[in-house]
Amino acid sequence: MSSIAYANALYKPPKTADLMKLYKLMFSRSGFLDWWPGDTKEEIFVGAILTQQTTWKNVEKAMANLKAAKLLSIKQLSNATTNEIGSCIKPSGYYRQKSNHLKGACSYILKNYGSLEGLFKLKTKELRKTLLSIKGIGPETADSIILYAAEKPTFVIDAYTKRIMGRVFGTSQDMSYSELKSLFESSLRPNTDLYNDFHAQFVELGKNYCKTKPLCGSCPVKVMCKYVKSSNV
DNA sequence: ACCCAGGTGGCCC
DNA sequence: GGGCCACATGGG
């Protein structure tokens with residue numbers, strides 16, 4: 001047996017109490033984060049697409065440009081040209097792709113459901129499937145929209161979640177999105193408020209610490225490793 | 001002059 | 001189902 005296979009055989013996934021311990025540690029550090037940063041459901045929807053592989057600061061610039069150009073709504077985005085959208089969203093990167101995706105997604109929703117609210121009437125499972133069928137919306141963006149705009153319980157996984165879970169509980173960096181998602185959803189009750197703040201805490205912690213460098217002495221993640229593991233059941 | 005950021009689609013096997 | 005690559009601007 002290889003050493004990796006041996007480690008996998010010994011590995012035990014975190015239980016409910018372990019996950020809640022981590023959540024409480026992050027909460028006590030940052031407080032309630034009150035996500036998503038966006039005024040309306042439509043802004044949350046747009047922000048979820050714009051924030052792909054980009055910092056929120058750059059998304060804010062793009063959103064401000066869209067707002068100034070009166071393009072920050074489903075209806076206006078579906079009527080605008082991709083050039084108009086693209087010139088607004090340059091700061092958030094991948095602007096040629098994202099302007100196509102934004103226009104396409106908004107047109108699709110408007111045509112088939114009339115509005116975001118119309119789309120959100122779908123049951124969670126069907127809503128997720130529908131979102132995933134839209135170009136430009138992958139698993140993380142779909143779950144962000146469901147959780148933060150539609151306000152239905154689905155656990156959002158991102159790079160920070162994967163990284164912090166690896167460091168605190170030793171989960172593999174090879175875990176797929178769906179594996180990591182079900183790790184949380186099989187242990188935690190489907191509570192929108194908990195899922196909302198849990199993910200927000202991961203991002204808040206992740207973007208400030210331990211990006212790709214080794215753990216530093218004062219890194220909160222390192223402190224959490226000690227606390228969480230010392231009380232492991 | 002690098003490296004990275006709250007991923008995703010297309011293509012391939 | 002998974003591996004690889006292009007996509008693009010802004011900040012460290």
Side-chain angles (χ1 to χ4, degrees), chain A residues 4 8 22-23 26 29-30 33-38 43-66 82-109 128-150 154-168 172-182 184 195-216 219-221:
Chain A
I4 291 175
N8 286 342
L22 172 60
Y23 171 69
M26 294 194 290
R29 172 182 173 275
S30 304
L33 294 171
D34 196 23
W35 266 30
W36 180 291
E43 288 184 22
I44 295 169
F45 178 85
V46 173
I49 290 174
L50 291 182
T51 199
Q52 291 162 0
Q53 195 65 19
T54 323
T55 57
W56 185 253
K57 189 138 200 161
N58 290 332
V59 175
E60 284 179 327
K61 293 176 194 164
M63 300 266 279
N65 291 339
L66 286 173
T82 51
N83 278 343
E84 288 171 329
I85 301 170
S87 67
C88 291
I89 68 169
K90 272 191 180 175
S92 58
Y94 302 138
Y95 69 94
R96 277 186 281 261
Q97 282 193 147
K98 285 177 180 172
S99 54
N100 273 313
H101 290 161
L102 229 30
K103 181 175 169 64
C106 291
S107 303
Y108 175 84
I109 291 165
R128 189 168 197 271
K129 206 171 132 189
T130 303
L131 286 169
L132 287 175
S133 74
I134 299 173
K135 278 193 178 63
I137 301 180
E140 183 183 338
T141 307
D143 286 329
S144 297
I145 292 165
I146 296 167
L147 182 59
Y148 293 104
T154 190
F155 207 94
V156 181
I157 303 299
D158 70 338
Y160 294 141
T161 306
K162 184 179 277 195
R163 205 171 296 149
I164 293 170
M165 287 299 286
R167 291 190 172 174
V168 176
S172 168
Q173 294 306 300
D174 294 333
M175 271 181 99
S176 68
Y177 188 97
S178 61
E179 284 175 319
L180 212 37
K181 179 178 172 65
S182 61
F184 286 95
Y195 286 12
N196 177 318
D197 200 52
F198 210 139
H199 175 66
Q201 296 292 347
F202 272 130
V203 176
E204 177 62 22
L205 179 58
K207 72 183 181 186
N208 291 316
Y209 291 94
C210 310
K211 298 194 174 172
T212 54
K213 304 177 192 74
L215 298 179
C216 57
C219 173
V221 174

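Numbered from 1 within each chain, the chains take letters A, B, ... in sequence-line order. Values in this document were obtained by computation on a predicted structure and should not be read as measured data.
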* Asked: Do the rings of A/Tyr23 and A/Phe198 sit parallel, tilted or perpendicular, given the 30° and 60° boundaries?
  -> tilted
* Output yes when at least one side-chain N/O atom of A/Arg96 is less than 4.0 Å from OP1 or OP2 of B/dG9, else no. => no
* Please state how far atom CG in A/Leu180 lies from atom C1' in B/dG7, giving the value in whole angstrom units. => 15 Å
* To do: Using atom types as modelled and distance alone, determine if a side-chain donor or acceptor of A/Thr154 lies under 3.5 Å from a backbone N or O of A/Asp143.
  => no
* If only atom types and distance count, is the side chain of A/Thr51 paired as donor or acceptor with the main-chain N or O of A/Ala48 below 3.5 Å? -> no
* Do any side-chain nitrogens or oxygens of A/Gln52 fall under 4.0 Å of OP1 or OP2 in B/dG7? -> no
* With sequence neighbours excluded, tell me which residues meet side chain to side chain donor-acceptor pair (under 3.5 Å) with A/Glu204. => A/Asn208
* **Comparing A/Lys135 and A/Trp56 on DNA chain B - which has the more 5′ nearest nucleotide** => A/Trp56
* Asked: Which value, rounded to the nearest 0.5 Å, describes the distance between A/Lys90 atom NZ and A/Arg96 atom CZ?
  -> 7.5 Å
* **Nucleotide B/dC3, atom P - distance to CD of A/Gln53 in whole Å** => 15 Å
* Hey, does A/Ile157 reach any base, or is it just sugar-phosphate, or nothing, if we go heavy atoms under 4.0 Å? -> nothing
Table please: side-chain donor-acceptor pairs of residues 130-139 of chain A below 3.5 Å, with sequence neighbours left out.
from     : atom 1 : to       : atom 2 : distance (Å)
A/Thr130 : OG1    : A/Glu126 : O      : 2.8
A/Ser133 : OG     : A/Thr130 : O      : 2.6

* Checking A/Lys98 side chain against A/Gln52 main chain: does a donor-acceptor pair fall under 3.5 Å? -> yes
* To do: To the nearest 0.5 angstrom, please state how far the CD1 atom of A/Ile145 sits from the CD atom of A/Glu140.
  => 10.5 Å
* Out of curiosity, A/Leu180 CG to A/Ile157 CD1, how far, rounded to the nearest 0.5 Å? -> 4.0 Å
* Return the 5'-most residue of the pair A/Gly136, A/Trp36 with respect to DNA chain B, ranking by each residue's nearest nucleotide. => A/Trp36
* Asked: Using atom C1' of each nucleotide, how far apart are B/dT8 and C/dG11 to the nearest Å?
  -> 23 Å
* To do: Assign A/Tyr95 to base, sugar-phosphate, or nothing according to its heavy-atom contacts below 4.0 angstrom with the strands shown.
  => sugar-phosphate
* Asked: How many Å lie between OH on A/Tyr94 and P on B/dT8, as a whole number?
  -> 12 Å
* To do: Mind listing the residues from residues 137-144 of chain A sitting with a heavy atom below 4.0 Å of DNA chain B? Number order is fine.
  => A/Ile137, A/Gly138, A/Pro139, A/Glu140, A/Thr141
* **Euclidean distance for P, C/dG10 against B/dG9 (whole angstrom)** => 24 Å
* Under 3.5 Å, is there a donor-acceptor pair between the side chain of A/Asp197 and the main chain of A/Leu33? -> yes
* To do: Could you list where the contact with chain A starts and ends along DNA chain C, reading 5' to 3', using a 4.0 Å heavy-atom cut-off?
  => C/dC7 to C/dG11
* Grab the NZ-P distance between A/Lys162 and B/dA5 for me, whole Å please. => 13 Å
* To do: For the pair A/Tyr148 (side chain) and A/Trp35 (backbone), establish whether a donor and an acceptor sit closer than 3.5 Å, ignoring hydrogens and angles.
  => no
* **Counterpart residues, ring pair (Phe, Tyr, Trp, His ring centres under 6.0 Å), relative to A/Tyr195 (two or more places apart)** => A/Phe155
* Asked: Looking at residues 97-108 of chain A, who's got a heavy atom less than 4.0 Å off DNA chain C?
  -> A/Gln97
* In whole angstroms, how far is the C1' atom of B/dG9 from the CG atom of A/Leu132? -> 13 Å
